[in-house]
Amino acid sequence: MASPSTVAATLSCSSSSWLHGFAGRTNEISKFPDKRIPMLVLAQKKAKKTRKIILKEDVIDLGKRGQLVDVKAGYYRNFLLPTGKAQIVTPGLFKEMQMEEERIEAEKKRVKEEAQQLALIFETVGAFKVKRKGGKGRQIFGTVTAQDLVDIIKAQIQRDVDKRIVSLPEIRETGEYIAELKLHPEVTAQLRLNVYAN
């Protein structure tokens, strides 16, 4: 049976001769000192393959239309591409998408500014007069509806307003009331209504 020191010497010789086979000429081997360097070999994981894509329509649990997302290559190749729900990002497409976003932002800003100007007009006009048939005391027959207010706005300041954006309190008596017009998600105009009986 071989002693542990002879086994270690045999291993070091065999490992150095193994290294000599890779090193090539013997004069190149003399440049390296005779040290035992352990070689560490790691198993490499399979690289994750993802694709950067733009969604052409809303996809549940992934994103909204026009959104830039990273997905696995197989998901894109087997589901998104055949159904036409996504497209791979190219530099030209990315630039086009940015220009479209800028155009949409400019349009949103323009619509908001128009809504603010319209709200200013409504608030400076003063009270809109609403005439109704009177009953006992301050009561009126019927009520003032959103459609009534839309007709009055059209007659007095020649502006078309959708009745769905009008929010009115319940009006069953004469007096002064405040109505709200939701012109934009961020802009609300308040109108004063003066209801009187004829």
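These numbers come from a predicted model, not from an experiment.
Every pair passing side-chain hydrogen bond (donor to acceptor under 3.5 Å, both in side chains) that includes a residue from residues 116-134 is listed here, sequence neighbours excluded: Arg132-Asp148. Sorted by first then second residue, the salt bridge (charged side-chain N to carboxylate O under 4.0 Å, His left out) pairs that include residues 60-73, not counting sequence neighbours, are Lys52-Asp70.
Alongside Val187, the hydrophobic cluster contains no other residue (criterion: ILVMFWY side chains under 4.5 Å). Chaining together hydrophobic side chains whose heavy atoms lie under 4.5 Å apart leaves Phe141 on its own. The other residues sharing a hydrophobic cluster with Met97 are Ile54, Leu68, Val89, Leu93, Phe94, where clustering joins ILVMFWY side chains under 4.5 Å apart. Alongside Ile53, the hydrophobic cluster contains Leu55, Val59, Leu62, Val69, Val71, Tyr75, Tyr76, Phe79, Leu80, Leu81, Ile88 (criterion: ILVMFWY side chains under 4.5 Å).
Partners of Val125 by side-chain contact (heavy atoms from CB on, under 4.5 Å), not counting sequence neighbours, listed by chain and number: Ile121, Phe128, Ile157. Checked against side-chain contact (heavy atoms from CB on, under 4.5 Å), Ala127 has the following partners two or more places apart in sequence or in another chain: Arg192, Asn194. By the side-chain contact (heavy atoms from CB on, under 4.5 Å) test, Val150 is found to be paired with Gln147, Lys163, Val166, residues two or more places apart in sequence or in another chain being considered. With sequence neighbours excluded, the residues forming a salt bridge (Lys or Arg N to Asp or Glu O under 4.0 Å) with Glu186 are Lys112, listed by chain and number. For Asp58, there are no salt bridge (Lys or Arg N to Asp or Glu O under 4.0 Å) partners two or more places apart in sequence or in a different chain. Listed by chain and residue number, Asp160 satisfy the side-chain contact (heavy atoms from CB on, under 4.5 Å) test with Lys154 (two or more places apart in sequence, or in another chain).
The residues Arg110 and Glu114 are annotated as salt-bridged, a charged nitrogen and a carboxylate oxygen being separated by less than 4.0 angstrom.
Looking only at side-chain heavy atoms (C-beta outward), Tyr177 and Leu191 stay at 4.5 Å or farther from each other.
Within the 3.5 Å criterion, the main-chain N or O of Glu180 finds no donor-acceptor partner in the side chain of Ser167. No side-chain donor-acceptor contact under 3.5 Å links Arg51 to the backbone of Ala73.
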Note to self: Between Arg172 and Glu170, is the salt bridge (Lys or Arg N to Asp or Glu O under 4.0 Å) condition met? List the steps.
What the structure shows: CA-CA 6 Å; Arg172 295 195 178 271; Glu170 189 173 328; 2.7 Å; yes
